[in-house]
Visitor: 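Let me begin by handing over the structure; questions about it come next.
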Number of protein chains: 2
Amino acid sequence: MRLERREGRRSIGARRNPAAEAAILAAAREVLAECGYRGFSVDEVARRAGAGKPTIYRWWPTRSDLLLAVHSAERAARIEATDTGSLAGDLSTIGRGMLAAWRSSPAGEAVRGLVAEAQAGEAALVVLWERFMPPWTEPVRAVLGRAAMRGEVEPADIEVVTELFAGFLWRRLLTGQTDDDRAAIERMARLLSSGRGRKP
Amino acid sequence: MRLERREGRRSIGARRNPAAEAAILAAAREVLAECGYRGFSVDEVARRAGAGKPTIYRWWPTRSDLLLAVHSAERAARIEATDTGSLAGDLSTIGRGMLAAWRSSPAGEAVRGLVAEAQAGEAALVVLWERFMPPWTEPVRAVLGRAAMRGEVEPADIEVVTELFAGFLWRRLLTGQTDDDRAAIERMARLLSSGRGRKP
DNA sequence: ACCTATGGAAACGTCCCGTTTCGTTGTCGC
DNA sequence: GCGACAACGAAACGGGACGTTTCCATAGGT
């Protein structure tokens, strides 16, 4: 989907222009996909969107906001519910699915950017911690909730298993290991699901 | 127009000046401690060290090299061997020790910087992956090696447990959670050590 | 005595940030 | 109708940091 750049968008009056928002998000997605987080600059997004920087900053006050928006849009297209019947199966499926999504869409670069951004800015850390993490870990919590009801995991362990799972995937993403290492992921899933629950 | 040199290190001939190296590393450590990774700029380090930027770039071609040098120097002062007799005890001790070190020294900021840097640069990713990770995970591998001999963990699981452990700590550091959350850490350690090994 | 690598200072050109100014556009309240 | 208002794009700003280059002084190696 290419953008019209000759005739620039104009104001449509004293209200937000949906076309501008769409163009900016599309451009951000495009830059992220082409140049990665490395080449992700607000100037470049503005250039490609045929938009002014003030327009971007008006709606996304920080780079983190923009990255999060790209990630959210990407995520909306993939509503995934997983239920294989066993905790190990669920964790493995979700893990491989997330790595696959990171490989094949700008979502991975968006997450890398969000984390990198958070190391240098206090505001960015808040975005990562309060707006990115909760929805991101939601499917994991859902799976663990069901596993707890089946007795596969102690309810008190849910939090720590979620952390271990998230940490495993993050570390892989942040070190550039997003390949589908099926053996390792299944081993990880089995290990996390063989903790302290009542054995069937 | 010729200006008189102020007090400062001079060249000591056609060889590296150890005083310059020490001053630069000390300044880097100081900036990192005071301003965090956020305020860590080569210009500022040069200013405080009373050194020229070319001198810095001559010995540390990238910011990652400089960050890694600070981290290594910090690490050299804390050679820690852990052996509590049980895998859970060892992992818990190492985990809490690392978080404590990250809290109380520039090492944590150095790691945050190394990871952030690696998200934007290919060279920085190599530094992180090949020069930082191996020595950093060494104590964990040592502990897991002993645990494998005691039958507490399957040798084939060593790799994945190391990854899970590292991911757990990284995620905490990168999201600003470096407090001594003893309960969670011990729970994590217990979970990782209750995997598939032969029970004693 | 020359060669050469080092050290510090300063300045360079580039990039990007986040903000400000400006003129234009069109809607909505009056 | 009509004017206040807000959003739009373009351009420019000051600031900071990057990584590099030029310059000159220094002093060990040969």
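Chain naming here is simple, since letters A, B, ... match the order of the sequence lines and numbering starts at 1 in each.
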Visitor: Could you tell me how far apart A/Arg58 (CZ) and C/dG18 (P) are, to the nearest whole angstrom?
Guide: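 Nearest whole value for this atom pair: 16 Å.
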Visitor: Expressed as a whole number of angstroms, how long is the span from A/Asp43:CG to D/dC13:P?
Guide: 15 Å
Visitor: Consider only side-chain N and O atoms of A/Asp65 and A/Thr62, and report whether a donor and an acceptor are under 3.5 Å apart.
Guide: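 Yes - a donor-acceptor pair under 3.5 Å links their side chains.
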Visitor: Rounded to the nearest angstrom, tell me the gap between atom CD1 in A/Ile24 and atom C1' in D/dG9.
Guide: 11 Å
Visitor: Send over the distance from B/Tyr37 OH to D/dA17 P, rounded to a whole Å.
Guide: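 Nearest whole value for this atom pair: 13 Å.
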Visitor: To check you understand the geometry: which heavy-atom pair defines the closest contact between A/Arg75 and A/Pro139, and what is its length?
Guide: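 Between these two residues, the closest heavy atoms are NH2-CG, 3.8 Å.
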Visitor: With the side chain of B/Trp59 defined as its heavy atoms from C-beta on, choose the nearest nucleotide among D/dC8, C/dG18, C/dT6.
Guide: C/dT6
Visitor: To the side chain of B/Arg9, which of D/dT26, C/dG8, D/dC8 is closest?
Guide: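 For the B/Arg9 side chain, the nearest candidate turns out to be C/dG8.
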Visitor: Side chain of B/Ser11, heavy atoms from C-beta onward: which of C/dC17, D/dA25, D/dT20 has the nearest atom to it?
Guide: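 So the nucleotide nearest the side chain must be D/dA25.
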Visitor: In whole angstroms, how far is the P atom of D/dA17 from the CD atom of B/Glu44?
Guide: 8 Å
Visitor: Looking only at the side chain of B/Pro54 (C-beta and beyond, no hydrogens), which of the listed nucleotides D/dA7, C/dT6, C/dA10 gets closest?
Guide: C/dA10
Visitor: Is any side-chain heavy atom of B/Arg187 closer than 4.5 Å to a side-chain heavy atom of A/Glu163?
Guide: no
Visitor: B/Ile56 has an atom CD1; how far is it from atom P of D/dA17, in whole Å?
Guide: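 Distance, rounded to whole Å: 13 Å.
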Visitor: If I take atom OH in residue A/Tyr57 and atom C1' in nucleotide D/dA7, what distance separates them, rounded to the nearest angstrom?
Guide: 18 Å
Visitor: Is any N or O donor-acceptor pair between the side chain of A/Lys53 and the base of C/dG18 shorter than 3.5 Å?
Guide: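 When only heavy-atom distances are counted, A/Lys53 does reach the base of C/dG18 through a donor-acceptor pair under 3.5 Å.
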Visitor: Within the distance-only criterion (no hydrogens, no angle test), does the side chain of A/Thr84 pair as donor or acceptor with the backbone N or O of A/Asp90 below 3.5 angstrom?
Guide: yes
Visitor: Give the minimum heavy-atom separation between B/Arg172 and B/Ala184, together with the two atoms involved.
Guide: NH2-CB, 3.7 Å
Visitor: Take the protein atom CD of A/Glu117 and the nucleotide atom C1' of C/dG18, then report the distance between them rounded to whole Å.
Guide: 13 Å
Visitor: Taking 4.0 Å as the cut-off, does a side-chain nitrogen or oxygen of B/Thr55 come that near to OP1 or OP2 on C/dG8?
Guide: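 Result: yes.
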